[in-house]
Amino acid sequence: MSRVHREVAILGGGLAGLCLAIQLRRQDPEIGIRVLERRAHPVPEAAFKVGESTVEIGAHYFAEVLGLREHLDREQIRKFGFRFFFSHAREAIGDCLELGPSHVLPTPAWQIDRGRFENFLGTHARAMGIEFVDGATVTGVALGDDAPHRVDYRHGADTHTIQARWVVDATGRAGVLKRQLGLAQANAHDANSAWFRIAGHVRIDEWCADAAWQARCTPPERWRSTNHLVGPGYWVWLIPLSSGSHSVGIVADAAMHPLAGMNTLERAMDWLRANQPRLATALEGRLDSVQDFLFFRDFSYGCRQVFSHDRWALTGDAGLFLDPFYSPGSDFIAIGNGYIADLIARDRAGEPFSLHADIYQQLYFSFYESTLVLYQGQYPLFGRPEVLPAKIIWDYTYYWGVLAALYFAGRLTDIALLGRLRGELGRAKSLNLAMQELFRAWGEAAGDADAPAMLDQCGVDWFAELNRALNDRLDDDALVQRIGDNVARLEALAAETAGTARGRYPQLDTGAIDALAARAPAVASLSAHWYPTAAA
């Protein structure tokens, strides 16, 4: 048996674990890190893991914080934004409402082939001097108080022990430490998912030959988007992978679409034939090139604790998981890893870090709770073309205007600045809670009629500017002003949206929003066509 001492032992060498190791090494080239990964490398491309779509925070983390922009541009697919089609039970995609950007927005994101990316991360980590041990099985973890932690693992026929000042669980849903410490927590978001990867891209642009429909996008490459085919109680993802495959997934409210109706490839195809027949048609005749099939039951969960005074932490899916609708997985890896890296840096410098661990955990859980409400109880309105576009614009505005703005500015560990923003952040959070209640009630009142039109996110000037402005470099005063302006925009948007919903359905109660948006500027935030259908 061999025994070594390292400053950090990371259990799990997937996306979260390898990214943390790279971040720690960039932060401190002298730190000793050993990463233990159960799978042998290289891993297969395409049919490996889900979590293939990035959004702005996660993309910025990979590209700029970790310095991996060259790989992303060369080896992954630049994403053409999120795109939504109200295509439930329809063959003709050109006859339904489409929501998405007409051209690529300024702040980039990428579609990630997880196998290709994690192979690159492993090679890159080793080149940086990180000890990345693949094919290693953790057999025991003994957490110390003042003494070092002990991690036992098996590699081939040999057994090994690491003594480490910090242990980080990045083992994904296996949750080695979470299970050992009894930290699992349910979150009352009951949804399931089934997915598969298929060789060759699914070219959604070829589903409609109409020249006007084609001309809505420049370039006409909708297939590069994270395409959402939505209907009551569900959505279907289409995500292209740089290895030449396409990821296809069904995500559904468990009460409206039971997992038993989609938990095999045959059942999933029958489900698609009934709910998304145009996609089913595109896949017919290609099923012999399906590369895998998997499903998750009740995929969303929380966690009681992720950062400890005793020098352990959880990151990525080992801690919590929300919902893939807005692809927040890599965002929470970025945020969690940033907090862990800061705690380790403080400890390495001989500074006390316990208070920071408590504050960072409060912030992390606050971000989690504010994001979770975007999904809880919202799946029924996915079949409401009158409501979902307004919700999507709201959710993006809240994300870009608050959390993404803070992350891009590098201020999520700046406790003093966050204290200055406490009132604005609290107001934004309260508005979001009230708006999600409105969307639920509005969805119950609205019908499902729509029109063959496109709602262009790029055509809303202030919305496109929110995306561009993420890249501005601001000092503290300018950032405080920017966040304040963004919260004022949220207030104006809340007032307008509530007024539109109440005008169509007078029975809706918007009192909470009216009170929170009382100081909203009297400006039009969205053109009237953004609310595409009215009450019958």
Side-chain angles (χ1 to χ4, degrees), residues 2-37 41-42 57-75 117-134 136 148-151 153 155 160-171 306-308 310-316 318 330 333-354 356-357 360 407-414 473:
S2 67
R3 184 187 301 268
V4 299
H5 178 84
R6 296 292 179 265
E7 281 80 11
V8 184
I10 300 175
L11 316 182
L15 187 62
L18 285 170
C19 285
L20 176 60
I22 291 167
Q23 184 173 3
L24 290 171
R25 193 71 170 188
R26 283 170 64 87
Q27 175 179 281
D28 182 354
E30 302 303 318
I31 192 170
I33 307 167
R34 182 167 292 189
V35 181
L36 306 176
E37 166 56 27
H41 270 225
I57 289 177
H60 182 77
Y61 175 63
F62 298 144
E64 308 304 331
V65 176
L66 302 185
L68 307 179
R69 176 72 183 256
E70 181 181 354
H71 167 84
L72 295 167
D73 283 339
R74 186 183 67 248
E75 299 292 341
F117 195 39
E118 291 185 26
N119 285 334
F120 166 76
L121 290 174
T123 300
H124 186 61
R126 286 175 172 145
M128 296 176 73
I130 295 164
E131 298 172 357
F132 174 45
V133 184
D134 63 305
H149 307 305
R150 171 178 170 148
V151 178
Y153 70 96
H155 187 233
H160 306 267
T161 293
I162 307 172
Q163 289 186 323
R165 186 169 178 84
W166 282 84
V167 171
V168 180
D169 184 359
T171 57
V306 291
F307 311 135
S308 171
D310 295 325
R311 299 185 180 88
W312 58 261
L314 281 60
T315 187
S330 57
I333 289 173
I335 295 167
N337 281 359
Y339 284 140
I340 294 167
D342 185 81
L343 294 172
I344 292 174
R346 291 177 184 279
D347 187 37
R348 292 267 290 165
E351 301 175 8
F353 65 87
S354 294
H356 286 81
Y360 293 165
Y407 186 83
F408 272 67
R411 302 303 211 286
L412 286 187
T413 59
D414 189 335
R473 303 275 70 85

Colleague: Between Ala318 and Leu314, which heavy-atom pair has the shortest distance, and what is it?
Modeller: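 Scanning both residues, the minimum pair turns out to be O-CD2, 3.4 Å.
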Colleague: Under the criterion side chain to side chain contact (heavy atoms under 4.5 Å, CB included), I'd like the reasoning laid out for Tyr407 against His60: C-alpha separation, chi angles, the key distance, then a yes or no.
Modeller: CA-CA 9 Å; Tyr407 186 83; His60 182 77; 3.8 Å; yes
Colleague: Enter the distance from His71:NE2 to His124:NE2 here, rounded to the nearest 0.5 Å.
Modeller: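 Here the rounded value is 10.5 Å.
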Colleague: Would you indicate whether the side-chain heavy atoms of Leu66 and Gln23 approach each other to under 4.5 Å?
Modeller: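 Yes. Closest side-chain heavy atoms under 4.5 Å.
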Colleague: Do the side chains of Tyr61 and Ile57 get nearer than 4.5 Å, heavy atoms only?
Modeller: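 Ile57 vs Tyr61: side chains apart.
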Colleague: Arg348 versus Gln27: any side-chain heavy-atom pair under 4.5 Å?
Modeller: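 Side-chain contact under 4.5 Å: no.
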Colleague: Are any side-chain N or O atoms of Arg126 and backbone N or O atoms of Phe132, one a donor and one an acceptor, separated by less than 3.5 Å?
Modeller: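 Looks like yes, one N/O pair under 3.5 Å.
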Colleague: Are Leu20 and Val8 close enough that some pair of their side-chain heavy atoms sits under 4.5 Å apart?
Modeller: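 A side-chain contact under 4.5 Å is absent here.
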Colleague: Could you check whether any side-chain heavy atom of Tyr360 comes within less than 4.5 Å of a side-chain heavy atom of Leu412, counting everything from C-beta outward?
Modeller: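 In short, these two side chains do not touch, never coming nearer than 4.5 Å.
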Colleague: Using every non-hydrogen atom in the two residues, find where Thr315 and Gly336 come nearest and quote the distance to one decimal.
Modeller: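 Closest heavy-atom pair between Thr315 and Gly336: OG1-C, 4.5 Å.
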Colleague: For the atom pair CG (Leu24) and SG (Cys19), what is the distance rounded to the nearest 0.5 Å?
Modeller: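 Going from CG on Leu24 over to SG on Cys19, the span is 11.0 Å.
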Colleague: Closest approach of Thr413 and Gly338, non-hydrogen atoms and distance?
Modeller: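 Minimum heavy-atom separation between Thr413 and Gly338: CG2-O, 4.5 Å.
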Colleague: Shortest non-hydrogen contact from Arg25 to Glu30?
Modeller: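 So the two residues come closest at NH1-C, 4.4 Å.
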Colleague: Checking the side chain of Asn337 only, and the main-chain atoms of Ala16 only, is there a donor and an acceptor separated by less than 3.5 Å?
Modeller: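 Answer holds: yes.
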Colleague: Are the side chain of Asp134 and the backbone of His41 linked by a donor-acceptor contact shorter than 3.5 Å?
Modeller: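 Side chain of Asp134 to backbone of His41: a pair is present.
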Colleague: Of all the heavy-atom pairs spanning Leu18 and Ala125, show the shortest one and how long it is.
Modeller: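 Nearest pair, atom of Leu18 first, then Ala125: CD2-CB, 4.2 Å.
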Colleague: Check for a donor-acceptor pair, side chain of His5 on one end and backbone N or O of Gln163 on the other, with a separation under 3.5 Å.
Modeller: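 It does hold such a pair.
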Colleague: Does atom CD (Glu351) have a neighbourhood of more than 12 heavy atoms from anything else shown, all under 6.0 Å?
Modeller: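 Enclosed: over 12 neighbouring heavy atoms sit under 6.0 Å from CD of Glu351.
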Colleague: When rounded to the nearest 0.5 angstrom, what distance separates NE2 in His356 from CG in Asp347?
Modeller: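 Rounded to the nearest 0.5 Å, the NE2-CG separation comes to 12.5 Å.
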Colleague: Determine yes or no for a side-chain-to-main-chain donor-acceptor pair under 3.5 angstrom, with Arg26 supplying the side chain and Val65 the backbone.
Modeller: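 Present.
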Colleague: Determine, step by step, whether Glu118 and Leu15 satisfy the side chain to side chain contact (heavy atoms under 4.5 Å, CB included) criterion, reporting the C-alpha distance in whole Å, the side-chain angles of both residues, the deciding distance to 0.1 Å, and the verdict.
Modeller: CA-CA 6 Å; Glu118 291 185 26; Leu15 187 62; 3.9 Å; yes
Colleague: Can you say whether the rings of Trp166 and Phe353 are parallel (under 30°), tilted (30 to 60°) or perpendicular (over 60°)?
Modeller: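 If you compare the ring of Trp166 with that of Phe353, the planes turn out tilted.
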Colleague: Test side chain to side chain contact (heavy atoms under 4.5 Å, CB included) on Ile344 and Asp28 and set out the steps.
Modeller: CA-CA 10 Å; Ile344 292 174; Asp28 182 354; over 6 Å; no
Colleague: I'd like to check Glu7 versus Arg311 (side-chain heavy atoms, cut-off strictly below 4.5 Å). Are they in contact?
Modeller: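 Result no, sub-4.5 Å side-chain heavy-atom pair not found.
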Colleague: Could you tell me whether the side chain of Leu68 reaches within less than 4.5 Å of the side chain of Leu121, counting heavy atoms only?
Modeller: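 Of all side-chain heavy-atom pairs linking Leu68 with Leu121, at least one is under 4.5 Å.
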Colleague: Quick one: sort the His155 and His160 rings into parallel, tilted or perpendicular, breaks at 30° and 60°.
Modeller: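 The arrangement is tilted - the two ring planes meet at 30° to 60°.
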Colleague: To the closest 0.5 Å, what do you measure between CD1 (Ile10) and CD (Glu131)?
Modeller: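 CD of Glu131 is found 11.5 Å from CD1 of Ile10.
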Colleague: Once you round to the nearest 0.5 Å, how far does CZ of Arg34 lie from OH of Tyr153?
Modeller: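 Interatomic distance, Arg34 CZ to Tyr153 OH, rounded to 0.5 Å: 4.0 Å.
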Colleague: Which pair of heavy atoms, one from Ala21 and one from Ile33, lies closest together, and at what distance?
Modeller: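 In terms of heavy atoms, the two residues are closest at O-CD1, 3.6 Å.
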Colleague: Working note: Phe307 + Ile340, criterion side chain to side chain contact (heavy atoms under 4.5 Å, CB included); need CA distance, chi angles, decisive distance, verdict.
Modeller: CA-CA 8 Å; Phe307 311 135; Ile340 294 167; 3.6 Å; yes
